[in-house]
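Protein chains get the first letters and strands the later ones, always in sequence-line order, with residue 1 at the start of each.
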Amino acid sequence: MSDRATNPPGFLSGLNQALPIAMGYFPIAFSFGVAATRAGLTEAEAVMLSVVIYAGAAQFLALALITSGAPLLVSAFTLVAMNLRHVLYGPALLKRAGAGARTRHAWAWAFGLTDEVFGAALGAMARGKAGFSEPFMFGLGIGAYAAWISGTAVGAFAGGGALEGWPVLDAALGFMLPALFLSLLLSILTRAQLPVIAIAGAVTVGLTLAVSSTAGILGGMVAGALTGVLGLARGAGDGR
Amino acid sequence: MDGSLLMLALIVGGCNWAFRFLPTKLDLSGQAPEGVLARFLAATGPAAIATLFVASVLPMVSGDWAKMAPLGAGVLAVVAVFAWRRSVVQATLAGAAVYGAVFALV
């Protein structure tokens with residue numbers, strides 16, 4: 001590959017960069033596996049969600065929607081809308097990689113372009129630790145994906161009652177998801193996005209208290225996105 | 001395996017794949033930075049993540065300050081570690097660890 005000739009980060013380099021992601025993904029996926037079996041899913045169903053969806057926040061929300069009895073299409077729309085932000089990652093990454101970046105096998109490695117993998121790839125290029133190559137992206141993505149699936153499997157097979165004797169660990173894992181969302185929010189935060197964030201949060205609280213958590217999540221996202229469309233958040237997105 | 005769960009996973013997983021892959025093949029450079037689509041896309045991510053953070057924290061909010069202590073400490077830990085390390089993974093793990101530690105103390 002021509003990009004390897006000038007800057008040859010390979011598969012193993014990608015795997016190496018995936019290590020910190022894997023360390024973070026495994027416990028979060030473990031807590032997802034535990035939560036899934038608590039919600040009544042089988043071990044196979046929990047692992048299937050991680051293999052097919054592969055989006056942490058969406059998977060936890062899927063559990064909430066499933067247990068609340070939300071209709072299939074409403075659940076699908078909610079979960080799909082939640083991951084719409086991912087459309088920005090590919091172009092942002094390739095823009096950073098430069099005009100010569102190859103995407104012949106992007107149909108495969110791009111599935112692994114989660115928030116963390118995108119951030120790690122962009123960060124590695126920005127820090128000069130690696131350039132862009134498809135083998136690098138495969139290594140990075142497979143390392144993170146393997147940690148996510150194995151963590152889910154261990155959590156699911158440990159079972160919903162696995163943490164009953166460990167209340168402190170149970171509490172800590174219960175805060176893993178809010179902590180992940182807050183960290184992601186901080187990672188994309190710019191002053192221009194504050195109106196979007198404030199309105200999304202306020203509408204979520206109002207609709208959750210007045211109607212339901214599902215209405216709160218949907219309404220918050222739509223209200224926040226409309227805030228951006230209406231131009232109340234000029235420059236939103238520059239944070240990436 | 002539940003058929004509707006599998007269907008839900010395939011729809012969402014398929015869209016995830018499309019969201020992550022298709023933009024690598026599309027030239028979005030022609031989009032006006034201030035266009036409606038560009039603004040919508042730019043605002044969707046922050047709006048979604050802010051919504052999810054609020055929705056995940058709401059059930060933990062209580063009038064009992066002792067019960068709120070782990071939440072406050074966990075949030076502060078996430079903010080502090082992110083400001084220090086600029087790492088989502090480290091901030092997440094630190095927040096959970098501090099939440100658990102304060103939970104054990106109170």
Side-chain angles (χ1 to χ4, degrees), chain A residues 20 24 44-45 48-49 52-53 55 57 72 75-76 79-80 82-88 90-91 94 103 106-107 110-111 113 116 168 171-172 175-188 193 196-197 200-201 204-205 208 213 216-217 220-221 224-225 227-229 233 236-237, chain B residues 1-2 4-13 15-17 19-26 28 36 38-58 60 70-71 74-75 78-79 82 86-93 95-97 99-101 103-104:
Chain A
E45 287 171 340
M48 180 274 292
L49 286 178
V52 178
I53 295 181
L72 175 68
S75 300
L79 299 172
V80 166
M82 195 172 159
N83 292 317
L84 195 56
R85 67 186 185 280
H86 290 173
V87 300
L88 303 172
L94 294 172
T103 58
W107 61 271
F111 180 65
L113 211 49
E116 285 289 348
V168 172
F175 187 67
M176 194 74 85
L177 186 60
L180 174 64
F181 289 138
L182 180 57
S183 302
L184 288 172
L185 193 58
L186 291 171
S187 73
I188 63 168
Q193 291 162 350
V196 169
I197 291 166
T204 304
V205 172
T208 299
S213 58
I217 290 168
M221 286 183 192
T227 303
V229 172
Chain B
M1 186 168 294
D2 183 73
S4 62
L5 184 70
L6 184 60
M7 180 67 71
L8 178 67
L10 289 172
I11 292 171
V12 178
C15 288
N16 277 351
W17 174 79
F19 289 163
R20 294 169 183 172
F21 162 60
L22 293 179
T24 67
K25 296 295 182 186
L26 296 175
L28 298 177
V36 170
R39 288 207 302 253
F40 178 80
L41 289 177
T44 298
I49 296 171
T51 297
L52 294 166
F53 171 63
V54 171
S56 63
V57 162
L58 267 182
M60 298 177 173
L71 177 59
V75 166
V78 170
V79 173
F82 187 83
R86 296 279 160 190
S87 163
V88 169
V89 168
Q90 290 178 34
T92 301
L93 293 176
Y99 183 97
F103 178 86

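- No donor-acceptor pair closer than 3.5 Å links the side chain of A:W107 to the backbone N or O of B:L22.
- Formation of a donor-acceptor pair under 3.5 Å by the B:R20 side chain with backbone atoms of A:F111 is found in this model.
- Comparing B:L52, B:L71, B:V54 by heavy-atom pairs within less than 4.5 Å of chain A, the highest count is held by B:L52.
- Residues forming a side-chain hydrogen bond (donor to acceptor under 3.5 Å, both in side chains) with B:T24 (at least two apart in sequence, or on another chain): none.
- Across all non-hydrogen atoms, the minimal contact from A:A172 to B:G100 is CB-CA, 3.9 Å.
- For A:E45 (side chain) and B:D2 (main-chain N/O), a donor-acceptor pair under 3.5 Å exists by modelled atom type.
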Side chains of residues 177-186 of chain A: which donor-acceptor pairs under 3.5 Å do they make with residues two or more places apart or in other chains?
| unit_1 | atom_1 | unit_2 | atom_2 | d |
| --- | --- | --- | --- | --- |
| A:S183 | OG | A:A179 | O | 2.8 |
| A:S183 | OG | B:T92 | OG1 | 3.2 |

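- Between the side chain of B:K25 and the backbone N or O of A:T103 there is at least one donor-acceptor pair closer than 3.5 Å.
- Contact of B:L58 with chain A is made through the side chain alone, with heavy-atom distances under 4.5 Å.
- Minimum interatomic distance between A:L49 and B:A9 (heavy atoms only, all atoms of both residues): CD2-CB, 3.9 Å.
- Only the side chain of A:M48 comes within less than 4.5 Å of a heavy atom of chain B; its backbone N, CA, C and O stay farther away.
- Both the backbone and the side chain of A:S75 come within less than 4.5 Å of a heavy atom in chain B.
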Exercise for the section: Verify side chain to side chain contact (heavy atoms under 4.5 Å, CB included) between B:L8 and A:L79, making sure each step is shown before the conclusion. Expected result: CA-CA 9 Å; B:L8 178 67; A:L79 299 172; 4.1 Å; yes

Exercise for the section: Assess whether side chain to side chain contact (heavy atoms under 4.5 Å, CB included) is satisfied between A:V168 and B:Y99, documenting all intermediate values. Expected result: CA-CA 9 Å; A:V168 172; B:Y99 183 97; over 6 Å; no

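- The shortest non-hydrogen separation linking A:A225 to B:A47 is N-CB, 3.7 Å.
- Nearest heavy atoms, B:I11 versus A:A76: CG2-CB, 3.9 Å.
- B:V75 has its side chain within reach of A:F175: a pair of non-hydrogen atoms, C-beta onward, lies under 4.5 Å apart.
- In this structure, the side chain of A:N83 does not engage the main chain of B:N16 through any donor-acceptor pair within 3.5 Å.
- Shown here for A:G216 and B:T51, the closest heavy-atom pair between the two residues is O-CG2, 4.1 Å.
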